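Have a look at the structure below before the remarks.
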Amino acid sequence: MNLNATLIGELIAFTVFVLFCMKYVWPPLNGAIEARQKKIEDGLAASDRAEKDLELAQQKAAQQLKDAKAQAADIIDQAKKRAVLIVDEETVRGQEEREKIIAQGHSEIESERNRVTEELRKQVATLAVVGAERILEREINQAAHSDIVEKLVAEL
């Protein structure tokens, strides 16, 4: 095969075309490819960071939920203890009130008994005077003999 001028011209044109592409076309394409690779790497790194942040946020939310539940349980326990304390205090107060009412009732009964006893003593004294009057068949002056009646009432 002969190397003729056409083939040599085509070789020169191809070489010039390759040199032109290497100098002016390939660097922008290579830069665009590298920029795209860098953008993809940054996106993947951001995705990994977001995944880790999401996992940390979920753990933090779970911990806060656990803390909130524990705090709620403590509050409920305190409320139950307070309710028991209030019930106990009211029970004691009710018992004291009951005892006070019972003591007041006893006091009223005692004063009523004393009043009735005194009234009965006076009636017995009056009956004794009436009985003595009938026995003696004369009237005893109650005003004149009030000291005797009072002694009699005191003895009864």
Side-chain angles (χ1 to χ4, degrees), residues 17-156:
F17 177 72
V18 168
L19 288 175
F20 177 77
C21 284
M22 284 176 61
K23 178 115 176 146
Y24 297 107
V25 175
W26 188 253
L29 284 178
N30 203 15
I33 289 172
E34 287 175 2
R36 179 73 175 150
Q37 285 176 344
K38 176 118 174 82
K39 188 176 180 182
I40 290 172
E41 286 175 5
D42 291 344
L44 289 174
S47 171
D48 288 341
R49 281 192 309 271
E51 237 179 70
K52 289 178 184 176
D53 289 346
L54 176 63
E55 185 177 320
L56 288 174
Q58 286 175 342
Q59 289 174 355
K60 187 175 180 180
Q63 183 64 34
Q64 286 178 345
L65 183 62
K66 183 179 174 183
D67 292 344
K69 285 182 180 180
Q71 188 178 12
D74 288 343
I75 290 171
I76 290 172
D77 287 342
Q78 289 175 357
K80 286 180 181 177
K81 288 177 184 176
R82 180 70 178 139
V84 167
L85 183 65
I86 288 171
V87 167
D88 290 343
E89 288 174 356
E90 291 303 315
T91 301
V92 168
R93 195 174 69 108
Q95 288 175 351
E96 289 173 355
E97 187 69 25
R98 184 190 75 197
E99 290 171 4
K100 181 180 172 186
I101 290 171
I102 289 172
Q104 186 178 10
H106 285 299
S107 173
E108 288 177 8
I109 290 171
E110 186 65 29
S111 67
E112 184 66 21
R113 190 176 116 218
N114 289 339
R115 187 189 63 79
V116 168
T117 303
E118 191 62 35
E119 188 177 310
L120 283 175
R121 283 182 185 170
K122 286 181 183 180
Q123 287 178 358
V124 167
T126 304
L127 285 176
V129 169
V130 169
E133 192 175 85
R134 286 191 184 160
I135 291 174
L136 296 175
E137 297 212 4
R138 62 185 179 104
E139 183 178 332
I140 297 176
N141 186 357
Q142 188 173 2
H145 303 290
S146 64
D147 60 338
I148 297 172
V149 172
E150 291 296 324
K151 285 181 182 178
L152 184 61
V153 169
E155 288 177 13
L156 294 176

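If you're wondering where the values come from, they're calculated on a predicted model, not measured in any experiment.
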Q) Of Arg121, Arg115, Lys122, which is the lone residue that meets side-chain hydrogen bond (donor to acceptor under 3.5 Å, both in side chains) with Glu119? A) Arg115
**Q.** Salt bridge flag under 4.0 Å for residues Lys81 and Asp77
**A.** no
(Q) Please give me the minimum heavy-atom distance between Pro27 and Cys21, naming the atom from each residue. (A) CD-O, 4.2 Å
Q: To the nearest 0.5 angstrom, please state how far the CZ atom of Arg49 sits from the OG atom of Ser47.
A: 9.5 Å
**Q.** Nearest-0.5 Å distance that lies between atom CZ in Arg113 and atom CD in Glu118
**A.** 12.5 Å
Q: Side-chain contact test, heavy atoms from C-beta onward, threshold under 4.5 Å: evaluate it for Glu89 versus Arg93 and give yes or no.
A: no
Q. Taking side chain as C-beta onward, heavy atoms only, is Glu90 less than 4.5 Å from Val87?
A. no
Q | Side chain proximity check, Glu112 to Glu108, heavy atoms < 4.5 angstrom | A | no
Q: Could you list the residues that satisfy ring-ring contact (aromatic ring centres under 6.0 Å, His included) with Phe17, not counting sequence neighbours?
A: none
Q: Working to the nearest 0.5 Å, report the span between NZ of Lys100 and CD1 of Ile102.
A: 13.0 Å
**Q.** Interatomic spacing from CD in Glu55 to NZ in Lys60 - rounded to 0.5 Å
**A.** 15.0 Å
Q) Can you name the residues that form a side-chain contact (heavy atoms from CB on, under 4.5 Å) with Gln95, not counting sequence neighbours? A) Thr91
Q | From Glu97, Glu99, Arg98, residue fulfilling side-chain contact (heavy atoms from CB on, under 4.5 Å) relative to Ile101 | A | Glu97
Q.
Let me confirm one number: the CD-CG distance from Gln37 to Asn30, rounded to the nearest 0.5 Å.
A. 8.5 Å
Q | Distance-only donor-acceptor check, side chains Asp67 and Gln71, under 3.5 Å | A | no
